[in-house]
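What follows is a set of notes on a single structure, which appears directly below.
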Amino acid sequence: MKIEKLIQSGVIAALKRLYDFEPDDNLVQLQNTRKDFIGDITLVVFPFLKHSKKRPEDTATEIGKYLEKSIDEVKSFNVVKGFLNLEIDDNYWFSEVLSAWKDESFGIAKPSENQELAMVEYSSPNTNKPLHLGHIRNNLLGYSISEILKANNFQVVKTNIVNDRGIHICKSMLAWQKWGNKETPENTGKKGDHLVGELYVEFDKHYKAEIAELIKIGLTQKEAEDQAPSIQEARELLRKWESGDPEVVELWKTMNGWVYEGFDITYEKLGVDFDKIYYESETYLVGKEEILRGLKEGIFYQKEDGSVWADLTSEGLDHKLLLRSDGTSVYMTQDIGTAKMRFNEYKIDKMIYVVGNEQNYHFQVLAILLDKLGFAWGKGLQHFSYGMVELPSGKMKSREGTVVDADDLMEGMVKVAREMAQELGKLDSLSNEEAEKTYEMIALGALKYFMLKVDPKKNMLFNPEESIDFNGNTGPFIQYTHARIKSVLRKASEKNIEFKEELVTLPEEISFKEKELMKRITLFPEIVKESGTNYSPAIIANYCFELAKEFNQFYHDHPILAENNEPRRDVRLLISATVGKVIKSGMKLLGIEVPDRM
RNA sequence: GCCUCGGUAGCUCAGUUGGAUAGAGCAACUGCCUUCUAAGCAGUAGGUCAUGGGUUCGAAUCCCGUCCGGGGUACCA
């Protein structure tokens, strides 16, 4: 039984016995003892004073005496003001670490039958431009939260809804027709998504110029934006696409194909993947049908111009457009269609949308609309809302060229990692291929950890001027700690002094750091749970950092292989090996690989 | 205007859901490689937790007001 549970029930028994008082479980507040005090677990006794009718110190002492007597694991206690610090027997932590080591999947649920199914939607790019830094945060969060849900006993289906149709892609198509010079990825060597992205910028350049011209001859901004020839032509392309014009559809397929080839490369480099991909072009009509059904059933209403709306004023919200006056669908329409298709195809218990917080209102409305349409699962949708990535200059804008391109960023990071490693000369013994693989691992580790260590809900700042760090609270720091541990274990095996798990025993005395490490290891399963219920990879990231930091301190002043006292040496090897294992599985939940050498 | 999220060290971020003297990393300065990897370790310095009130044994954390910033409120997605 876990020590916290033991103590909790011990405290409840003590209160009953001493003060004839039965508290709620949540009144028993246990926390880890602060480092400046002696002890492992601390009980806050303030809430009990009303019933004990004694001073905090006396109350704590009485409870302490009771626990010391009734729970074997409680070795001793001390009282500071209203805090009862309990010292736990080293044997308890030792046995926890030993079983952590033996447990193949310590802290991680194994796939089994009857798991609930969670579908996680993430990435969801438009097909008119390459992925940028904002997408990176989305992809890393989506991937990581999927791994964390798996670790928390969910079956997970990772999904991606590709926004492959609409005015945005028509703009790139038009630009290709008019100014594209028949360029293709093949004849230029350009990555497909980048080529299409350039065309999108090209369109915008002409469009802006036309607007300026029109304003000069007296039109308002709004009129000019509406009447510029480029946008008119793009709209014409969209109409042709919707009516199935073969030539337009062909161009659309070709250009989207280029983009997908580019995306695949970026996704692979990032190390993210999907179990099921939906395309907006295949779901928007389903959404439209649902809206029309809702209209027929009187759930929605139609204005004189033909547009369809939902009245959400009874929910404290506004009126929301669902179909334009020309009958075409909007963002919301498509999401309704996509949701319906997904729930038809899978037995989804939990649907999670990894989408930026600028869409908070959208998902609030989506849940209500699905509910109104009679889908029982509508209200249960989870919007995993995360903050924006900001640059020192403010928000990123694709059209204004202030975006940090995903491919460029990753490439740059690998370059820095390579230079740094070569300077340190650490990987000289590896083959070129192995070394190159390690550079990538480190570069991606730095990038991913950088993005995931901050609370997903908060906006974060990325400064392209300062490259992402490789020292301190970073991915490489944790990777390095893992490599160090592996190195020690390799040498132990070379010297034939590996520990045998069935023979390791607790030495007479263990140091403060050794105990701290054992306690930290024991926390891991709880951390995995917490990150699952809070949808926060950051909790895991910060735990891994603390663990690695503590290991490095331990490593610095405790000889491991050179320790003469065998029980002591073996327990140090056990602790090291277990820390290595926990780091590896923790980082895996973040989608970060750890090298054996670096 | 209305809705919503945020403001913690020079910078980037933690802070165990109300507990003890608010913590890391970066940047600056000092030490430590003949001993298991120095991408490391140890130390110095850096704070009116935006601000004013309130709630109580106890507030960075909860409530109200104010200031500053982000996002939303589109027949864009």
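Just so we're on the same page: letters track the sequence lines, and every chain starts at 1.
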> With respect to the side chain of Asp318(A), which nucleotide from rU73(B), rA77(B), rG19(B) is positioned closest?
Replying inline: rU73(B)

> If we take the C1' atom in both rG23(B) and rA60(B), what is their distance in whole Å?
Replying inline: 12 Å

> Heavy atoms under 4.0 Å, any strand shown: does Phe46(A) hit a base, just sugar-phosphate, or nothing?
Replying inline: base

> Considering only side-chain heavy atoms of Tyr480(A), which listed nucleotide, rG40(B), rG19(B), rA77(B), is closest?
Replying inline: rG40(B)

> Are any of Lys458(A)'s side-chain N or O atoms less than 4.0 Å away from OP1 or OP2 of rG7(B)?
Replying inline: yes

> Can you list the residues that meet the salt bridge (charged side-chain N to carboxylate O under 4.0 Å, His left out) rule with Glu242(A), with sequence neighbours excluded?
Replying inline: Arg165(A)

>> Just N and O in the side chain of Arg484(A): are any of them under 4.0 Å from OP1 or OP2 of rA38(B)?
In response: yes

Pairs: protein N or O with nucleotides 24-35 of chain B N or O, under 3.5 Å:
| from | atom 1 | to | atom 2 | distance (Å) |
| --- | --- | --- | --- | --- |
| rG25(B) | O2' | Asn473(A) | N | 3.2 |

> Would Tyr353(A) and Phe363(A) count as a close aromatic pair, with their ring centres under 6.0 Å?
Replying inline: yes

> Taking the same atom, P, in rA27(B) and in rC41(B), what whole-Å distance lies between them?
Replying inline: 14 Å

>> Anti or syn, where syn is a glycosidic angle within 90° of 0; which label fits rU73(B)?
In response: anti

>> Within the 4.0 Å heavy-atom criterion, would you say Asn85(A) contacts the bases, only the backbone, or no part of the nucleic acid?
In response: base

> With stacking defined as ring centroids separated by under 5.5 Å and planes differing by under 30°, is Tyr555(A) stacked against rG40(B)?
Replying inline: no

> Across the strands shown, which category fits Ile539(A) at heavy-atom distances under 4.0 angstrom: base, sugar-phosphate, nothing?
Replying inline: nothing

> Charged N to carboxylate O under 4.0 angstrom, Lys415(A) versus Glu419(A)?
Replying inline: yes

>> By the 4.0 Å heavy-atom rule, please label Gln364(A) as base, sugar-phosphate, or nothing.
In response: nothing

>> If you compare all heavy atoms of Ile211(A) against all heavy atoms of Ala228(A), which two are closest, and at what distance to 0.1 Å?
In response: CG1-CB, 4.3 Å

>> Please report the distance, rounded to the nearest Å, between CZ in Arg34(A) and C1' in rG23(B).
In response: 9 Å

>> Let's see if you can work this out: which of rG19(B), rU37(B), rA20(B) has an atom nearest to the side-chain heavy atoms of Arg597(A)?
In response: rU37(B)

> What nucleic acid atoms does Met460(A) come within less than 4.0 Å of, heavy atoms only: base, sugar-phosphate, or nothing?
Replying inline: sugar-phosphate

> For Asp40(A) and Thr33(A), what are the C-alpha separation, side-chain angles and deciding distance, and is it a side-chain hydrogen bond (donor to acceptor under 3.5 Å, both in side chains)?
Replying inline: CA-CA 5 Å; Asp40(A) 302 302; Thr33(A) 304; over 6 Å; no

>> Would you measure the distance from the P atom in rG47(B) across to the matching atom in rA22(B) and give it in whole Å?
In response: 13 Å

> Looking only at atom P, what distance separates rC63(B) and rA59(B), rounded to whole Å?
Replying inline: 16 Å

> Where the side chain of Pro47(A) is defined as all heavy atoms beyond and including C-beta, which of rA14(B), rG19(B), rU37(B) is the nearest nucleotide?
Replying inline: rG19(B)

> Is the ring centre of Phe551(A) less than 6.0 Å from the ring centre of Phe554(A)?
Replying inline: yes

>> If you go through the side-chain atoms of Asn552(A), does one of them form a donor-acceptor pair with the base of rA38(B) closer than 3.5 Å?
In response: no

> Would you write out the dot-bracket form of RNA chain B, 5' to 3', with Watson-Crick and G-U pairs under 3.5 Å, [ ] for crossing pairs, | for pairs to other strands and . for unpaired bases?
Replying inline: (((((((..((((.....[...)))).(((((.......))))).....(((((..]....))))))))))))....

> Which of the following nucleotides, rG19(B), rA77(B), rU37(B), is nearest to the side chain of Ala483(A)?
Replying inline: rU37(B)

>> What I want to find out is whether Lys513(A) reaches Glu516(A) closely enough, with some N-O distance under 4.0 Å, to be called a salt bridge.
In response: no

> Is it true that Asp204(A) and Lys208(A) have a side-chain N and a carboxylate O under 4.0 angstrom from each other?
Replying inline: yes

>> Can you measure Met420(A) atom CE to rG40(B) atom C1' for me and round it to whole angstrom units?
In response: 14 Å

> rG58(B) and rG19(B): how far apart are their P atoms, nearest whole angstrom?
Replying inline: 14 Å

>> side-chain hydrogen bond (donor to acceptor under 3.5 Å, both in side chains) for His362(A) and Asp335(A)? Distances and angles first, verdict last.
In response: CA-CA 10 Å; His362(A) 174 82; Asp335(A) 259 0; 2.9 Å; yes

> What distance, rounded to whole Å, do you find between the two P atoms, one in rG18(B) and one in rC67(B)?
Replying inline: 28 Å

> For Arg569(A) and Leu561(A), which heavy atoms make the closest approach, and how far apart are they?
Replying inline: CD-O, 4.0 Å

> Quick one: which of rA20(B), rC13(B), rA14(B) gets closest to the side chain of Val80(A)?
Replying inline: rA20(B)

>> Rounded to whole Å, how long is the line connecting atom CG of Leu321(A) with atom P of rU73(B)?
In response: 13 Å

>> Rounded to whole Å, how long is the line connecting atom CG of Asn459(A) with atom P of rA14(B)?
In response: 11 Å

>> Does rU37(B) have its OP1 or OP2 closer than 4.0 Å to a side-chain nitrogen or oxygen of Ser487(A)?
In response: yes

> Within this structure, what is the NE2-to-P distance between His362(A) and rC76(B), rounded to whole angstrom?
Replying inline: 15 Å

>> Which nucleotide wins on minimum distance to the side chain of Glu358(A), given the candidates rG19(B), rG71(B), rG70(B)?
In response: rG71(B)

> Ion pair present between Arg324(A) and Asp326(A), side-chain N to carboxylate O less than 4.0 angstrom?
Replying inline: no

> When you compare rA20(B) with rC3(B), how far apart are their C1' atoms, in angstrom units rounded to a whole number?
Replying inline: 40 Å

> Across the strands shown, which category fits Asp226(A) at heavy-atom distances under 4.0 angstrom: base, sugar-phosphate, nothing?
Replying inline: nothing

> Please give, in whole Å, the distance from rA14(B) C1' to Asp455(A) CG?
Replying inline: 10 Å

> More 5' along RNA chain B: Gln553(A) or Asn32(A), using each one's nearest nucleotide?
Replying inline: Asn32(A)

>> Can you confirm whether Glu593(A) is buried at CD, in the sense that more than 12 heavy atoms of other residues, nucleotides or ligands lie under 6.0 Å from that atom?
In response: no

> What do the steps show when you test Glu225(A) against Gln221(A) for side-chain hydrogen bond (donor to acceptor under 3.5 Å, both in side chains), and what is the final call?
Replying inline: CA-CA 6 Å; Glu225(A) 280 174 13; Gln221(A) 175 82 25; 2.8 Å; yes

> When you check the phosphate oxygens OP1 and OP2 of rA77(B), does a side-chain N or O of Arg324(A) lie under 4.0 Å from one of them?
Replying inline: yes

>> How many whole angstroms separate atom CG of Asp36(A) from atom C1' of rA22(B)?
In response: 12 Å

> According to a strict under-4.0 Å criterion, is Lys320(A) in side-chain N/O contact with OP1 or OP2 of rA74(B)?
Replying inline: no

> Using the C1' atom in both, what is the distance from rG6(B) to rC49(B), to the nearest Å?
Replying inline: 14 Å

> With a non-hydrogen cut-off below 4.0 angstrom, is Glu390(A) in contact with a base, only sugar-phosphate, or nothing?
Replying inline: sugar-phosphate

>> Applying a 4.0 Å non-hydrogen cut-off, can you work out what Val44(A) is touching in the nucleic acid: base, sugar-phosphate, or nothing?
In response: base

>> Can you measure Leu561(A) atom CG to rC36(B) atom P for me and round it to whole angstrom units?
In response: 9 Å

> Taking for each residue the nucleotide of RNA chain B bearing the nearest heavy atom, is the 5' side occupied by Pro559(A) or by Lys303(A)?
Replying inline: Pro559(A)

